[in-house]
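Numbers for residues simply follow the sequence, beginning at 1. All heavy atoms count here, side chains included; hydrogens, waters and symmetry mates do not. None of the values given here were measured: they were computed from a predicted structure. In each ligand, atom 1 is the first atom listed, and ligand 1 is the first ligand listed.
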Amino acid sequence: MCGIVGYTGTEPAVDILIEGLQRLEYRGYDSAGVAVQVEDGLSIVRRTGKVGELARACEGLAPASTCGIGHTRWATHGTPSERNAHPQCSCLGDIALVHNGIIENFAELREQLAARGHQFASDTDTEVVAHLVEDAYEDDLLAAVRHAAHQLVGSYGLAVTCAQEPGRIVVTRQDSPIVLAHGKDGSYVASDIIAVIRASRDVVVLGDRQFASLDAQGIRYFDDNGEPIEPEFMHVDWDIDVAEKGGYPDFMLKEIHEQPRVVRDTLAGRMVRGVLKIDELGMSLEELQLVDRVCIIACGTSYHAGLVAKQLIESWARIPVTVEVASEFRYRNPIITPTTLVVAVSQSGETADTLAAISEARIKGGKVFGITNVIGSPVARESDGVIYTKANKEIAVASTKSFLGQVVSLTLLSMVLAQAKGKMTVAQTRLLFRELADTAEQIERILSDTTAIEEAAQACKDATSAFFIGRGMGSAISYEGALKLKEISYLHAEAYPAGEMKHGPIALLSEGFPVIAVATQSPVYGKVISNIRESRTRGALIVAVATEGDEEIIKHADHVIFVPKVRDAFSAITVSVPLQLFARAIAIARGCDVDHPRNLAKSVTVE
Ligand code: AGP
């Protein structure tokens with residue numbers, strides 16, 4: 001959620017650091033800061049608010065400096081304020097560092113350091129690391145950082161610079177990403193590839209408890225004992241343009257429009273000569289046949305993709321599925337056996353709750369399969385097998401295209417399980433695969449005319465609360481529709497299985513209360529219509545998402561958003577798109593910044 005950048009080379013550092021921070025801003029943004037080396041020490045500027053504030057404060061700062069570190073912060077310890085922003089410093093102000101993660105033993109370390117005379121200027125866990133480095137520093141920053149790191153418990157990505165060692169930055173990590181690259185103008189470090197590929201497309205992802213020492217000439221790598229090691233380079237083949245808006249007013253809309261491509265890319269190469277292939281699953285046919293339970297663990301939107309998968313796996317493969325909120329999973333002593341397939345779903349691949357759930361599942365002997373969007377992410381590394389969702393970098397905080405990628409990947413997994421269990425023939429698999437591939441074109445049709453969605457949004461924009469209802473698959477997708485609306489428009493929204501309305505929530509209905517009903521063609525269509533009527537009778541304003549050609553629905557709804565006809569199993573894919581656009585249209589009408597919703601961060605790397 002926080003972002004780290006660092007640069008040492010031949011160009012003015014401040015400009016490079018600010019540009020890098022702007023690229024990372026989507027990760028968290030309650031404050032930001034830089035520390036650059038200057039003739040007589042370090043010059044540090046920190047500001048609360050967005051990176052733009054920091055950029056203004058840095059105008060004219062140290063134009064001759066060619067070495068520095070920077071950070072965007074999303075507060076965990078200590079309120080968002082200048083004193084708690086990073087970089088954090090040692091007592092003498094000659095050592096500065098930026099940190100992602102949480103130092104779990106910081107209180108105890110702080111006490112020990114205070115007893116040795118260190119003075120603290122912030123409420124952060126990060127500051128203790130600066131003092132630990134200061135304590136250990138003789139004349140070798142790498143040695144001091146190693147010494148400090150050995151005392152830390154928790155997660156950290158750290159970049160440290162020191163006034164006594166011009167042009168040098170030392171970095172290390174534990175459970176928090178650090179990526180490095182060296183280019184013509186110097187050496188770069190960041191917590192995300194996006195901020196280093198201006199230097200080179202050949203990057204190094206630092207391993208846990210490894211260290212790197214950067215200067216203008218290059219980067220040297222060391223293991224935990226300080227022994228030099230050879231780095232493993234990874235070639236990045238996606239373009240920096242993915243991080244730009246490509247002509248759309250915001251990243252969210254750009255990403256919504258990328259969804260047909262996501263479907264196509266996620267399916268590419270999966271059907272080979274009529275056979276569905278997920279080689280990365282890392283499980284033999286015999287092992288798949290033994291699976292007697294599936295447990296999906298995830299958070300937020302990824303959890304909702306899990307709800308969709310439950311419907312598919314249970315109906316196709318006839319295997320019982322539980323979908324678990326990752327933050328609850330490990331605290332309730334879950335039942336996992338060696339024949340349970342645990343599926344961890346995470347866009348970022350670094351959500352702390354999901355990672356903790358994975359490790360709990362492994363301790364209990366489950367086989368863990370990851371579905372993530374980020375190559376080499378902790379979820380990918382901690383799983384026995386992984387599917388990458390091919391959404392490419394998702395910048396908007398609200399997940400859209402990554403959800404689609406997750407649902408399509410989970411659909412493939414459901415088909416593979418059904419085949420292995422002998423519940424789906426090869427012919428059925430091929431037919432389903434073709435229909436699944438067709439959803440790319442169906443999404444394009446939805447995106448080509450959004451008039452009905454915008455009209456419905458106009459009708460709902462001034463509401464204070466809304467319900468999303470549906471049954472079966474429609475219920476699973478309603479949860480995601482409600483989450484999208486609340487996170488970007490700040491309009492209170494709740495989702496219910498439509499039949500639950502009469503057991504309580506219906507009491508809240510009054511004239512004009514928006515009820516968004518997923519009423520696509522399905523075996524429960526008639527039941528959903530009854531639930532819509534119950535709500536409409538009580539004054540609700542009904543927005544229905546229905547199947548093209550459905551004349552009946554017009555009689556029961558104030559606004560109808562039509563989607564192309566697909567089988568019920570694929571309706572989550574088509575219906576999620578208008579619900580994303582509906583949430584965005586309301587948020588824009590309410591003047592919200594859809595890419596940067598308040599209080600949220602793209603990756604939630606703390607428990
Ligand atoms: C989605 O719009 C949210 N930003 C959030 O619920 C997110 O899905 C959740 O934090 C899980 O993230 P992950 O998929 O990266 O693990």
Check your understanding: Looking at Asp593 and Lys50, does any basic side-chain N land under 4.0 Å from a carboxylate oxygen?
Key -> yes
Check your understanding: Out of curiosity, is Glu350 lining ligand 1, as in a heavy atom under 4.0 Å away?
Key -> no
Practice item. Measure the distances from the heavy atoms of Val397 to every atom of ligand 1 and state whether one is below 4.0 angstrom. Key: yes
List every atom of ligand 1 that sits less than 4.0 Å from any heavy atom of [X], numbering the atoms from 1 in the order shown and giving each element.
| X | answer |
| --- | --- |
| Thr301 | 1 (C), 2 (O), 6 (O), 8 (O) |
| Gln347 | 13 (P), 14 (O), 15 (O), 16 (O) |
| Ser399 | 1 (C), 2 (O) |
| Ala398 | 2 (O) |
| Ser348 | 13 (P), 15 (O), 16 (O) |
| Ser302 | 8 (O), 13 (P), 14 (O) |

Check your understanding: Considering residues at least two apart in sequence or located in another chain, which fulfil the side-chain hydrogen bond (donor to acceptor under 3.5 Å, both in side chains) criterion with Glu328?
Key -> none
When you check the side-chain N and O atoms of [X] and [Y], is any donor under 3.5 Å from an acceptor?
| X | Y | result |
| --- | --- | --- |
| Ser399 | Gln347 | no |
| Gln580 | Glu480 | no |
| Thr351 | Asp353 | no |

Listed pairs under 3.5 Å, donor-acceptor, residues 375-382 side chains, sequence neighbours left out:
{"residue": "Ser377", "atom": "OG", "partner": "Val374", "partner atom": "O", "Å": "2.8"}
{"residue": "Arg381", "atom": "NH1", "partner": "Gly376", "partner atom": "O", "Å": "2.7"}

Practice item. May I ask you to identify the nearest protein heavy atom to atom 3 (C) of ligand 1, giving residue, atom name and distance to one decimal place in Å? Key: Glu487 OE1, 3.4 Å
Revision key, fill the gap. Of Ile371, Thr266, Asn373, Thr372, the one forming a side-chain contact (heavy atoms from CB on, under 4.5 Å) with Tyr388 is Thr372
Review point. Quick one: is the NZ or CZ of Arg270 closer than 6.0 Å to the six-membered ring centre of Phe433, and within 45° of its axis?
Key: no
Review point. Among Ala352, Cys299, Ala305, Gly300, which residue places a heavy atom closest to atom 11 (C) of ligand 1?
Key: Cys299
Review point. Polar-atom distance check: Thr354 versus ligand 1, any N or O pair below 3.5 Å?
Key: no
